[in-house]
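Here's the structure, in structure tokens; my notes come after.
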Amino acid sequence: MERKQKENGVAAMAVCYQGFDPAAYLQYNYTAPRADFGRNDSIVPWKLACLHRAFTEGDVSGELLVDIGSGPTLYQVLSGCEVFKKVLLTDFLEVNRQELRRWVQDEKGCNLDWTPYLQHVCKLEGRRPSAWTEKAAKLREVITDIVPIDVHRPHPLAPDALPSAGADCLVSCFCLESVSPDLAAFTRALGHIGGLLRPRGHLLLIGALGESYYFGGPGVKIPVVPLNEAQVCASLKESGFTLIRLEVYTLSQDMRVGVDDVTGVFFAKARKD
Ligand SMILES: C[S@@+](CC[C@H](N)C(=O)[O-])C[C@H]1O[C@@H](n2cnc3c(N)ncnc32)[C@H](O)[C@@H]1O
Ligand SMILES: O=[N+]([O-])c1ccc2c(c1)CN[C@@H](CO)C2
């Protein structure tokens, strides 16, 4: 594909994101039924269990964890914040970085109460749920910065954002397939974020399967690259990753709430070659 066509596809995605509404996005995806801690078949508890296991099974270690395309959410680093001394959050949009900063600085006006998430992950860690206040303090302590990112750039972060050795671990959830115009761009973006990771560092990747669009706010319909498992595995391999584990969650009818056409969610644990 011509360079101009690639640039046009990426530019069109950036335009789609100008209408992204963090409050609506949180409401659509991070409240019941998708985030129902009383149901073990709810999507968010499944994601938290995948992340907890991946961060605590002994092979993941180091100093710096980077979350790629954090959006307005924090769930993706609630286990990692106990393993890494430094956590860097990143997003393309200032509105999302502001939402995250409000929580980190314990300001009023957050659009979601993360307490049930903190309590749930404490339970996964064998701690009493009331330890959530300690986990919140820990997370606020290890988050070093909240910075801009563009995964379509060969160097997605500012030059001084990372130490020269790179990150020790990356986590990225529902970002690459939701910001790329096509599968080739998804795979290129995977290669770009791989460049942020030290050799043999780990990537924990969560994403949508079979999704062609989602609403990023009322009337804000954002196109998504519809992926299947084989494509995820092929893109990881092509981008210089060795797959360690792939887990898949298939949405039941009541998890399909009209905000997207996602059919499944994948969790991939991989290591950079
Ligand atoms: C579907 S949301 C995922 C948010 C969050 N990680 C989660 O798990 O729900 C996709 C995120 O990608 C961000 N984004 C959009 N374009 C991007 C780009 N070119 N590079 C990196 N992130 C981008 C959006 O601002 C949005 O926060
Ligand atoms: O069920 N979930 O936990 C959940 C969370 C976030 C997102 C989805 C599903 C599906 N759509 C993506 C955007 O492509 C965002």
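In listed order, ligands and their atoms are each counted from 1.
The residue from Asn96, Asp91, Thr73 that alone fulfils the side-chain contact (heavy atoms from CB on, under 4.5 Å) condition with Pro22 is Asn96. The ring pair (Phe, Tyr, Trp, His ring centres under 6.0 Å) test with Phe20 is passed by exactly one of Phe92, Tyr25, Phe215: Tyr25.
What you find for Glu211 and Asp260 is that their closest heavy atoms are OE2-CB, 3.1 Å. Nearest heavy-atom pair, Ser235 versus Thr187, reported as atom, atom and distance to 0.1 Å: OG-OG1, 2.8 Å.
Note on Glu238 versus Arg188: no salt bridge recorded, every NZ/NE/NH1/NH2 to OD/OE distance being 4.0 Å or above. In summary, Glu7 and Arg3 engage in a salt bridge, as defined by a charged side-chain N under 4.0 Å from a carboxylate O. Between Glu247 and Arg245 a salt bridge is recorded (basic side-chain N to carboxylate O distance below 4.0 Å). Note on Lys135 versus Glu82: salt bridge recorded, some NZ/NE/NH1/NH2 to OD/OE distance being below 4.0 Å.
At under 3.5 Å, a nitrogen or oxygen of Glu211, whether backbone or side chain, sits near a nitrogen or oxygen of ligand 2. At least one N/O-N/O distance between Lys47 and ligand 2 falls below 3.5 Å.
No part of Met255 comes within 4.0 Å of ligand 2, judged by heavy-atom distances. At a 4.0 Å heavy-atom cut-off, ligand 2 touches Ser178 through the side chain alone. With a heavy-atom cut-off of 4.0 Å, Tyr25 touches ligand 2 through its side chain alone.
Close approach of ligand 2 to Asp260 is summarised as follows: ligand atoms under 4.0 Å from at least one heavy atom of the residue are 10 (C), 11 (N). Those atoms of ligand 2 with a heavy atom of Asn29 less than 4.0 angstrom away are 3 (O), 4 (C), 5 (C), 6 (C), 7 (C), 8 (C), 9 (C).
Using a 4.0 Å heavy-atom cutoff, Tyr30 is listed among the residues neighbouring ligand 2.
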Anything under 3.5 Å between an N or O on ligand 1 and a protein N or O? List each pair with its distance, or write none.
unit_1   : atom_1 : unit_2 : atom_2 : d
ligand 1 : 6 (N)  : Gly69  : O      : 2.8
ligand 1 : 6 (N)  : Ser70  : O      : 3.3
ligand 1 : 6 (N)  : Cys173 : O      : 2.8
ligand 1 : 8 (O)  : Tyr30  : OH     : 3.3
ligand 1 : 8 (O)  : Tyr75  : OH     : 2.6
ligand 1 : 8 (O)  : Cys173 : O      : 3.3
ligand 1 : 9 (O)  : Tyr25  : OH     : 2.5
ligand 1 : 9 (O)  : Tyr30  : OH     : 2.6
ligand 1 : 19 (N) : Asp150 : OD1    : 3.0
ligand 1 : 20 (N) : Val151 : N      : 3.0
ligand 1 : 25 (O) : Asp91  : OD1    : 3.4
ligand 1 : 25 (O) : Asp91  : OD2    : 2.7
ligand 1 : 25 (O) : Asn96  : ND2    : 3.3
ligand 1 : 27 (O) : Asp91  : OD1    : 2.7
ligand 1 : 27 (O) : Asp91  : OD2    : 3.3
ligand 1 : 27 (O) : Asn96  : ND2    : 3.1

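Within the model, atoms OG of Ser180 and CG of Leu190 stand 9.5 Å from one another, a figure rounded to the nearest 0.5 Å.
Both the sub-6.0 Å distance and the 45° axial angle are satisfied by Arg140 relative to the ring of Trp103.
The single protein non-hydrogen atom nearest to atom 1 (O) of ligand 2 is Ile43 CD1, 2.9 Å, given as residue, atom name and distance.
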